[in-house]
Amino acid sequence: MIALPTPQNINQAANIIKNGGLIAYPTETVYGLGADPHNDEAVQKIFIAKGRAEDKGIILLIRGVDDLSTLVRTVPPTAQILIEAFWPGPLTLVFRANPDLSPALLGGRDTIALRHSSSSIASQLLTALGGPLTSTSANRSTEPPARSAYEVENALGEHLDLILDGGPSDTTLPSTLVDVSSDRTILLREGAIPAQKLRAHIQFKK
């Protein structure tokens, strides 16, 4: 079912997630798959829908920096610099994960990827949830990320309880991904934020 992101439909989406369901929703990059990261059965639905290998971690969206304390062990100085410069926005940071997090999110590692999205719809959804939300791209693992609600429906509709339609994405690029989990800050993926902009604030280690 495709629905406009009215307050009523956003609350409905939040209730679906709280009850273990799976939705799709727009972000500031491409459409993402939303499930409760604290519900292993719900997270497993993402892997099934995408045909995704379970050794790949899942990105989470957070409401803001206050959510970090329950999800990560530390926030290194480099991470703080990037947060102040680029959050909210299309920058995903990889931290050392809180040991209480579900292994299903981590892909066999001890790190977790987090983003504070600049999408108004995603922010409203997170507020309605009162906590973090999964945000892996809404597509089969072998296919390009979905840029509209209709692309999501064509690719994954049978697996989803609701699709919030925020219109077509402005970009085909995913978020930029930076590992700040150690003293070696590493650019893992150049995406919507060019590496050059990041280098104006920090130095990467090879």
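- When atom types are taken as modelled, the side chain of Thr176 and the backbone of Gly191 share a donor-acceptor pair closer than 3.5 angstrom.
- Remark: Asp170 CG is loosely packed, at most 12 non-hydrogen atoms of other residues, nucleotides or ligands lying under 6.0 Å away.
- Residues Val75 and Ile83 are in side-chain contact: their nearest non-hydrogen atoms beyond the backbone lie under 4.5 Å apart.
- Looking at Arg147, its side chain does come within 3.5 Å of a backbone N or O of Ser169 through a donor-acceptor pair.
- Looking at heavy atoms from C-beta onward, Ile2 lies in side-chain contact with Glu153 at the 4.5 angstrom threshold.
- Between the side chain of Asp165 and the backbone N or O of Leu4 there is no donor-acceptor pair closer than 3.5 Å.
- The shortest heavy-atom contact between Ile62 and Pro132 is CG2-CB, 4.4 Å.
- At least one side-chain heavy atom of Leu91 sits under 4.5 Å from a side-chain heavy atom of Leu82.
- Cluster annotation: Leu71 is not connected to Ile17 through the hydrophobic network of ILVMFWY side chains, with a link wherever side-chain heavy atoms come within less than 4.5 Å.
- A donor-acceptor pair under 3.5 Å is absent between the side-chain atoms of Arg109 and the main chain of Ala97, judged by distance alone.
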Pair Glu190, Lys197 - check salt bridge (Lys or Arg N to Asp or Glu O under 4.0 Å), show working. CA-CA 11 Å; Glu190 185 172 11; Lys197 286 190 175 181; over 6 Å; no

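- Transitive grouping of hydrophobic side chains (ILVMFWY, heavy atoms separated by less than 4.5 Å) brings Ile163 and Leu22 into a common cluster.
- For the pair Ser137 (side chain) and Asn139 (backbone), a donor-acceptor distance under 3.5 Å is absent.
- Interatomic distance, Ile16 CD1 to Asn11 CG, rounded to the nearest 0.5 Å: 11.0 Å.
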side-chain hydrogen bond (donor to acceptor under 3.5 Å, both in side chains) between Gln80 and Glu84: does it pass, once the steps are laid out? CA-CA 6 Å; Gln80 190 62 46; Glu84 291 175 2; 3.2 Å; yes

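- The structure places CG of Asp110 at 11.5 Å from CG of Asn98, a figure rounded to the nearest 0.5 Å.
- A distance-only check finds no donor-acceptor pair linking the side chain of Arg96 to the backbone of Thr74 [under 3.5 Å].
- In terms of modelled atom types and a separation under 3.5 Å, the side chain of Arg63 and the main chain of Gly130 share a donor-acceptor contact.
- Proximity of a side-chain donor or acceptor of Asn39 to a complementary backbone N or O of Ala42 within less than 3.5 Å is detected.
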Check the pair Arg189 / Ser175 against side-chain hydrogen bond (donor to acceptor under 3.5 Å, both in side chains), numbers first and verdict last. CA-CA 8 Å; Arg189 179 180 72 198; Ser175 63; 3.1 Å; yes

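- With Ser117 contributing its side chain and Ser119 its backbone, the two residues share a donor-acceptor pair below 3.5 Å.
- For the atom pair Lys56 NZ and Leu106 CG, the distance stands at 16.0 Å (nearest 0.5 Å).
- Connection of Val30 to Leu61 is not established within any shared hydrophobic cluster, with ILVMFWY side chains joined at heavy-atom distances below 4.5 Å, either directly or through further cluster members.
- A pairwise comparison of heavy atoms in Ser135 and Ile58 identifies N-CG2, 4.5 Å as the closest pair.
- Salt-bridge check for Glu143 with Lys50: failed, with every basic side-chain N at 4.0 Å or more from each acidic carboxylate O.
- Contact of the Lys18 side chain with the Asp36 side chain is not registered, since no non-hydrogen atoms from C-beta on lie closer than 4.5 Å.
- Applying the ring pair (Phe, Tyr, Trp, His ring centres under 6.0 Å) test to every pair with at least one member in residues 83-139, sequence neighbours left out, gives these pairs: Phe86-His201.
- Looking only at side-chain heavy atoms (C-beta outward), Leu177 and Val94 come within less than 4.5 Å of each other.
- The closest donor-acceptor contact from the side chain of Thr134 to the backbone of Leu33 lies under 3.5 Å.
- Screening Thr185, Ile81, Ile193 for a side chain to side chain contact (heavy atoms under 4.5 Å, CB included) involving Leu198 leaves a single residue, Ile193.
- Counting only heavy atoms from C-beta outward, the side chains of Leu60 and Leu133 never approach each other to under 4.5 Å.
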